[in-house]
Amino acid sequence: MTAQPPEPSPRPVPSGELRASHDDREAVVEQLRDAAAEGRIDLDELDSRLEQALQSKTYAELAVLTADLPKLNSSENRPPLVLKGGMYGASRGPGRWEVPGHVIAHGGLGGVKLDFTRAECRLTEVAVEAYGETSGVTIVIPDGWAADTSGMDPGVGGLRDKTSPDRLPGTPLIRLTGSGGMAGVVIRHPNRWERRKLDGNPTQG
């Protein structure tokens with residue numbers, strides 16, 4: 001019985017040939033619209049490129065459409081946002097703010113509140129490190145956003161995840177890690193009072 005020759009290993013797929021997702025196409029569409037608004041491409045060219053973007057199936061096909069445009073200052077490449085509760089506490093939001101790819105919150109003695117309800121986020125995922133420490137961390141995310149808390153150490157104070165698993169298409173996923181510390185970490189959607197404030201001031205920034 002002769003030994004069978006080993007089967008050849010599959011050829012790795014070049015990155016440009018990888019299949020693009022709906023989010024990838026939407027990101028290119030947004031970049032093209034911004035370029036048209038800035039006068040970099042005219043409306044006829046915008047229409048043509050938008051049609052190609054929506055029909056693109058790979059990263060390479062999408063890359064051609066933005067190759068002659070300036071690179072975006074990606075939120076993913078920005079330094080982490082670090083919030084420290086200190087003696088008096090710290091917060092970000094609910095006003096408008098641009099979300100980086102990484103946020104670190106230390107509850108300290110005063111506590112931290114991180115409110116994403118009016119945030120501008122073009123990322124599909126945001127890494128949030130939360131350390132409850134003495135006074136805890138509260139994270140508020142809009143309805144339709146979802147959270148993955150599987151990497152979180154509840155610590156003594158615990159983790160309270162009050163979010164819905166129902167994630168709307170195109171919304172970010174908050175990937176939560178860290179430790180509950182003494183006071184714990186809470187992640188939730190807006191409460192009744194916060195919803196009333198949002199409904200009463202829809203453009204507050």
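On a predicted model such as this, the values are computed, not experimentally measured, just so you know.
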Examine distances only and state if a side-chain atom of [X] and a backbone atom of [Y] form a donor-acceptor pair shorter than 3.5 Å.
X: Ser56; Y: Thr58; result: no
X: Ser21; Y: Asp24; result: yes
X: His102; Y: Ala127; result: no
X: Arg118; Y: Gly95; result: no
X: Glu30; Y: Ala27; result: no
X: His106; Y: Gly85; result: no
X: Thr149; Y: Met152; result: no

Are any of the side-chain heavy atoms of [X] and [Y] separated by less than 4.5 Å?
X: Ile139; Y: Val128; answer: yes
X: His189; Y: Ser164; answer: yes
X: Ile141; Y: Thr163; answer: yes
X: Pro100; Y: Leu81; answer: yes
X: Ile174; Y: Phe116; answer: yes
X: Leu114; Y: Val140; answer: no
X: Val137; Y: Val186; answer: no
X: Thr124; Y: Leu173; answer: no

Steps toward side chain to side chain contact (heavy atoms under 4.5 Å, CB included) verdict (Cys121, Val126): CA-CA 9 Å; Cys121 184; Val126 179; 3.8 Å; yes

Donor + acceptor pair across side chains of Glu129, Tyr131 (<3.5 Å):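 Indeed, the side chains of Glu129 and Tyr131 share at least one donor-acceptor pair under 3.5 Å.
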
Distance-only polar pair, side chains of Gln52 and Ser48, donor-acceptor under 3.5 Å: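 Yes, because at least one side-chain N or O of Gln52 sits under 3.5 Å from a partner of the opposite role on Ser48.
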
Rounded to the nearest 0.5 Å, what separation is found between the [atom1] atom of [X] and the [atom2] atom of [Y]?
X: Arg96; Y: Thr117; atom1: CZ; atom2: OG1; result: 9.5 Å
X: Arg25; Y: Leu50; atom1: CZ; atom2: CG; result: 13.5 Å
X: Arg19; Y: Tyr59; atom1: CZ; atom2: OH; result: 11.5 Å
X: Lys162; Y: Thr138; atom1: NZ; atom2: OG1; result: 9.0 Å

Candidate pair Lys113 and Glu194, rule salt bridge (Lys or Arg N to Asp or Glu O under 4.0 Å), full reasoning: CA-CA 13 Å; Lys113 184 174 183 181; Glu194 290 164 337; 2.7 Å; yes

Heavy atoms of other groups near Glu38 CD, more than 12 under 6.0 Å: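 Count over threshold, so yes.
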
More than 12 heavy atoms from other groups under 6.0 Å of CG on Leu43: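 Result for CG/Leu43: open.
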
Of all heavy-atom pairs between [X] and [Y], which one has the smallest distance, and what is that distance?
X: Leu159; Y: Pro154; result: N-CB, 3.9 Å
X: Leu65; Y: Leu32; result: O-CD2, 3.6 Å
X: Ala183; Y: Ser135; result: CB-C, 3.4 Å
X: Ile187; Y: Ala147; result: CD1-CB, 3.6 Å
X: Glu61; Y: Gln55; result: OE1-O, 4.4 Å
X: Ala53; Y: Val28; result: CB-CG1, 4.1 Å

Test log, rule side chain to side chain contact (heavy atoms under 4.5 Å, CB included), inputs Ile41 and Arg49: CA-CA 10 Å; Ile41 57 178; Arg49 293 196 191 194; 4.1 Å; yes

Cluster overlap Leu54 with Leu62, hydrophobic side-chain contacts below 4.5 Å: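 Hydrophobic grouping puts Leu54 with Leu62.
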
Derivation and outcome, side chain to side chain contact (heavy atoms under 4.5 Å, CB included), residues Val99 and Glu120: CA-CA 6 Å; Val99 180; Glu120 297 178 5; over 6 Å; no

Asp115/Lys197 ion pair, N-O < 4.0 Å: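 Salt bridge: no.
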
Intermediate values then yes/no, salt bridge (Lys or Arg N to Asp or Glu O under 4.0 Å), Arg188 and Asp143: CA-CA 9 Å; Arg188 59 175 174 79; Asp143 295 323; over 6 Å; no

Test side chain to side chain contact (heavy atoms under 4.5 Å, CB included) applied to Met182 and Thr134, step by step: CA-CA 5 Å; Met182 293 294 295; Thr134 304; 5.6 Å; no

Over-ring placement of Arg167 relative to Trp145, 6.0 Å and 45° cut-offs: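 Because its charged atom misses either the 6.0 Å distance or the 45° angle limit, Arg167 does not stack over Trp145.
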
